[in-house]
Number of protein chains: 2
Amino acid sequence: MELLLNERKIKILEAIITDYIATAEPIGSRTIAKKYNLGISPATIRNEMSDLEELGLIEQPHTSAGRVPSDKGYRMYVDNMMHSRDLTDEEINFIKNAISFNVGQIDYLMQQTAKALSMLTNYTTIVTEPTGSSLKLKHIQLVPIDSKSVVAVMITDDKAVKNKVLTAETVPTPDILNALSLDINAVVSGRTTDEMSKEKISSVLNKYPLYSSLITDVFKAVISLLQNSKDVHMYTSGMRNLLGFPEFSNAEKAQNIFKALEEKDLLITLLGDEKNVDKIQILIGGENNMQELKDCSIVRANYKVGSSSVGRIGIIGPTRMNYTRTVSVLSSIIGKMNSIMANITDDGGFDE
Amino acid sequence: MELLLNERKIKILEAIITDYIATAEPIGSRTIAKKYNLGISPATIRNEMSDLEELGLIEQPHTSAGRVPSDKGYRMYVDNMMHSRDLTDEEINFIKNAISFNVGQIDYLMQQTAKALSMLTNYTTIVTEPTGSSLKLKHIQLVPIDSKSVVAVMITDDKAVKNKVLTAETVPTPDILNALSLDINAVVSGRTTDEMSKEKISSVLNKYPLYSSLITDVFKAVISLLQNSKDVHMYTSGMRNLLGFPEFSNAEKAQNIFKALEEKDLLITLLGDEKNVDKIQILIGGENNMQELKDCSIVRANYKVGSSSVGRIGIIGPTRMNYTRTVSVLSSIIGKMNSIMANITDDGGFDE
DNA sequence: TGTTAGCACTCAACGAGTACGAGTGCTAAT
DNA sequence: ATTAGCACTCGTACTCGTTGAGTGCTAACA
């Protein structure tokens with residue numbers, strides 16, 4: 001693809017994209033000649049622009065308007081022309097302060113990450129908890145609530161703490177509940193769902209015939225926690241930022257986007273499910289196949305927890321988003337998260 | 001106040017408010033005469049409207065436009081002229097289906113309540129967890145996470161389950177942790193913070209001199225959970241609905257409101273702190289003293305949990321909101337919640 | 001005395017007409 | 001190959017008259 005573009009075309013395309021990202025206004029040949037001194041006249045630029053348009057890299061909203069980058073143009077820019085930029089010390093400190101304290105509370109950490117990202121980029125951000133079929137349970141404890149219900153407190157090996165309230169016809173006494181917790185722990189802790197032995201599960205069920213329905217529910221809760229990415233928690237921040245962009249200032253358009261962003265399933269799809277942790281992915285405009293979000297781009301990446309489970313981070317902005325900066329910020333924050341998560345899982349603790 | 005208005009003025013004011021709620025357009029004397037057959041001519045209506053304007057109950061956006069209700073006008077309407085309306089069976093069923101299942105998970109219940117309310121009213125809704133200084137702890141259990149941290153699982157007497165991760169220099173063994181949990185339970189469970197004896201707290205601390213810092217943290221967590229309404233969880237829904245109203249279709253205005261609604265402290269203030277459970281309160285326009293929300297009204301109420309702790313529900317819409325319907329829906333949902341909550345706390349369970 | 005018809009007046013909204021200017025593509029000169 | 005020049009396009013902004021919904025006032029009426 002790049003072979004088709006000579007040095008000059010590249011410079012012109014870059015100028016158009018840079019300018020459009022900054023101003024959201026179509027840009028014409030004269031303006032390019034004035035603002036970016038490429039040493040050529042508007043007429044020459046016009047000829048080149050005509051070629052760029054033929055290649056589908058830029059578009060004209062209407063005759064006698066300037067040119068605007070197309071999705072394909074952004075794609076070219078992102079793939080071949082974007083140069084990364086380091087964050088300032090100030091920004092790095094901002095990130096550190098925002099997400100480095102109180103990391104014991106993993107939900108809080110994620111909320112803070114989402115917030116920091118949206119503040120730094122001025123776009124909308126989504127952060128999900130880690131999931132993955134190789135996620136392991138570290139510890140489970142049943143705690144009585146009342147005569148009809150108990151809560152299963154589950155701690156995964158990335159040290160997220162989860163509750164699931166279970167109802168039972170009769171709830172075991174606290175002592176039995178403790179013993180039961182220990183027996184269940186012996187079966188599930190330190191294992192992925194695949195590694196949990198069916199026989200051991202049955203033997204626990206047989207040991208407590210009175211409470212088999214409760215115990216079944218407990219195992220179900222464990223499996224659903226470890227496997228079911230549908231009810232993964234998500235933390236979003238900075239929705240309102242989108243309202244600040246002229247492309248979404250039309251209330252109806254904005255409403256449609258907001259509606260889409262309220263649908264959890266859609267967001268999960270949007271964040272993707274590739275396990276390749278290290279790469280930042282960019283979806284430009286229509287590349288996400290959601291009609292409502294066709295004027296949005298998504299910059300997304302995974303962060304790593306433990307050996308293999310991953311959480312996802314996504315940044316949603318207008319197609320005309322500042323990719324360079326967004327990628328820099330995201331990559332910096334991913335680095336920070338990975339190191340925090342590595343520290344969290346370092347410690348052996350009490351698992352059997 | 002009502003004495004100042006004769007029957008006819010009341011009818012006219014009512015017509016203006018009803019119409020404006022429906023159309024968001026200023027309404028003139030001719031239109032009133034045509035649409036609401038009050039048996040009088042536009043000229044007469046004009047005279048009456050002139051009086052209503054003098055009383056500050058309606059306003060003219062500009063000469064030669066129709067009239068629009070003022071905040072004072074809405075206040076008059078809400079206080080004296082609103083007649084309640086029963087929900088349809090369909091709506092009642094909708095509420096029942098939305099919030100009656102899976103009530104074991106109290107956070108889910110609240111999320112569903114917020115969602116149901118925003119769907120029924122088409123406004124933005126906020127629901128907070130119950131708080132109150134007389135909230136009691138039902139049960140607490142410490143669960144090990146790793147060699148440096150434990151999680152305190154706390155169950156309040158409204159059966160909300162809360163986690164707080166605590167770090168410690170050395171974490172007790174599981175056995176000691178269990179014993180410790182029992183001792184702490186003996187001090188805190190079934191009591192408000194005021195009722196917890198300082199001597200008993202000290203005696204627990206003395207019994208486990210090795211873990212005094214951890215235990216201190218546990219008590220701190222308990223007190224903060226029961227008392228600190230600042231970090232109460234809130235569930236909002238239907239933010240985007242506001243974008244549908246012409247008064248907020250201006251993106252900048254909408255952004256300001258969204259910004260305000262992202263501030264938790266402000267929302268807490270907005271929901272108020274009166275303990276009077278039974279009454280639905282209405283704040284019209286500028287009556288909430290927040291500049292950003294001067295074009296919004298808030299309909300709010302408390303729901304009751306157990307004997308005295310309360311949660312709050314608020315509905316935020318344009319000043320031109322449908323008060324009648326909003327009040328009906330809210331009062332119906334409050335009724336439903338109160339009965340659910342009453343059932344939840346009915347059961348004695350395992351507290352000591 | 002309260003009600004209403006009539007009338008002059010106001011003013012936002014709308015549409016037609018016009019000027020402007022940013023932008024284009026094409027052609028011919030360099 | 002580059003560029004100056006030029007005719008052309010078309011959205012934007014502006015003016016200006018028209019329209020119509022609305023008002024307040026006055027005088028007539030029941």
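Lettering follows sequence order; numbering is per chain, from 1.
For B:Glu252, the salt bridge (Lys or Arg N to Asp or Glu O under 4.0 Å) test picks out no residue, with sequence neighbours left out. The side-chain hydrogen bond (donor to acceptor under 3.5 Å, both in side chains) check on B:Arg85 picks up nothing, with sequence neighbours excluded. Under the rule for a side-chain hydrogen bond (donor to acceptor under 3.5 Å, both in side chains), the partners of A:Ser41 that lie at least two apart in sequence or sit in another chain are A:Thr44. For B:Glu25, the side chain to side chain contact (heavy atoms under 4.5 Å, CB included) partners at least two apart in sequence or on another chain are B:Thr23. A search for side chain to side chain contact (heavy atoms under 4.5 Å, CB included) contacts involving B:Val78 returns B:Arg75, B:Met82, B:Ile282, B:Ile284, B:Tyr323, not counting sequence neighbours. With sequence neighbours excluded, the residues that form a side-chain hydrogen bond (donor to acceptor under 3.5 Å, both in side chains) with B:Lys35 are B:Asp19. Looking at residues two or more places apart in sequence or on another chain, you find no side chain to side chain contact (heavy atoms under 4.5 Å, CB included) involving B:Ser84. B:Thr31 meets the side-chain hydrogen bond (donor to acceptor under 3.5 Å, both in side chains) test with no other residue; sequence neighbours excluded. For A:Arg312, the salt bridge (Lys or Arg N to Asp or Glu O under 4.0 Å) criterion is met by no residue, not counting sequence neighbours.
Atom C1' of nucleotide C:dG23 and atom CD of A:Glu53 are separated by 12 Å, given to the nearest angstrom. Look at CG on A:Leu52: it is 16 Å from P on C:dG23, rounded to the nearest Å. Residue B:Lys34 contributes atom NZ, which lies 11 Å from atom C1' of D:dG20 at whole-angstrom precision. Atom CD1 of B:Ile32 is separated from atom P of D:dT23 by 8 Å (rounded to the nearest Å). Spacing between atom CZ of B:Arg67 and atom P of C:dA12 amounts to 15 Å, rounded to whole angstrom units. Between A:Glu59 atom CD and C:dT24 atom C1' there is a gap of 16 Å when expressed in whole angstrom units. Spacing between atom CD of A:Gln60 and atom P of C:dG23 amounts to 11 Å, rounded to whole angstrom units. Across the protein-nucleic acid pair, A:Ile12 atom CD1 and C:dG23 atom P stand 15 Å apart, rounded to whole Å.
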Check nucleotides 6-10 of chain D against the protein and report each pair of N or O atoms closer than 3.5 Å, with its distance, or say if there are none.
residue: D:dT9; atom: O2; partner: A:Ser64; partner atom: OG; Å: 3.3
residue: D:dC10; atom: OP1; partner: A:Thr63; partner atom: OG1; Å: 3.3
residue: D:dC10; atom: O4'; partner: A:Ser64; partner atom: OG; Å: 3.1
residue: D:dC10; atom: O2; partner: A:Ser64; partner atom: OG; Å: 3.4

Would you tabulate the nitrogen or oxygen pairs shorter than 3.5 Å linking the protein to nucleotides 1-4 of chain C?
residue: C:dT3; atom: OP1; partner: B:Arg8; partner atom: NH1; Å: 2.6
residue: C:dT3; atom: OP2; partner: B:Arg8; partner atom: NH1; Å: 3.4
residue: C:dT3; atom: OP2; partner: B:Arg8; partner atom: NH2; Å: 2.8
residue: C:dT4; atom: OP2; partner: B:Ser41; partner atom: N; Å: 3.2
residue: C:dT4; atom: OP2; partner: B:Thr44; partner atom: OG1; Å: 2.4

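Taking the six-membered ring wherever Trp is involved, the centroid distance between the rings of A:Tyr77 and A:Tyr20 does not fall below 6.0 Å.
Within residues 15-27 of chain A, no residue has any heavy atom closer than 4.0 Å to DNA chain C.
Of the side-chain N and O atoms in A:Arg30, none sit less than 4.0 angstrom from OP1 or OP2 of C:dT24.
Between B:Phe248 and B:Ala254, the shortest heavy-atom contact is O-CB, 3.5 Å.
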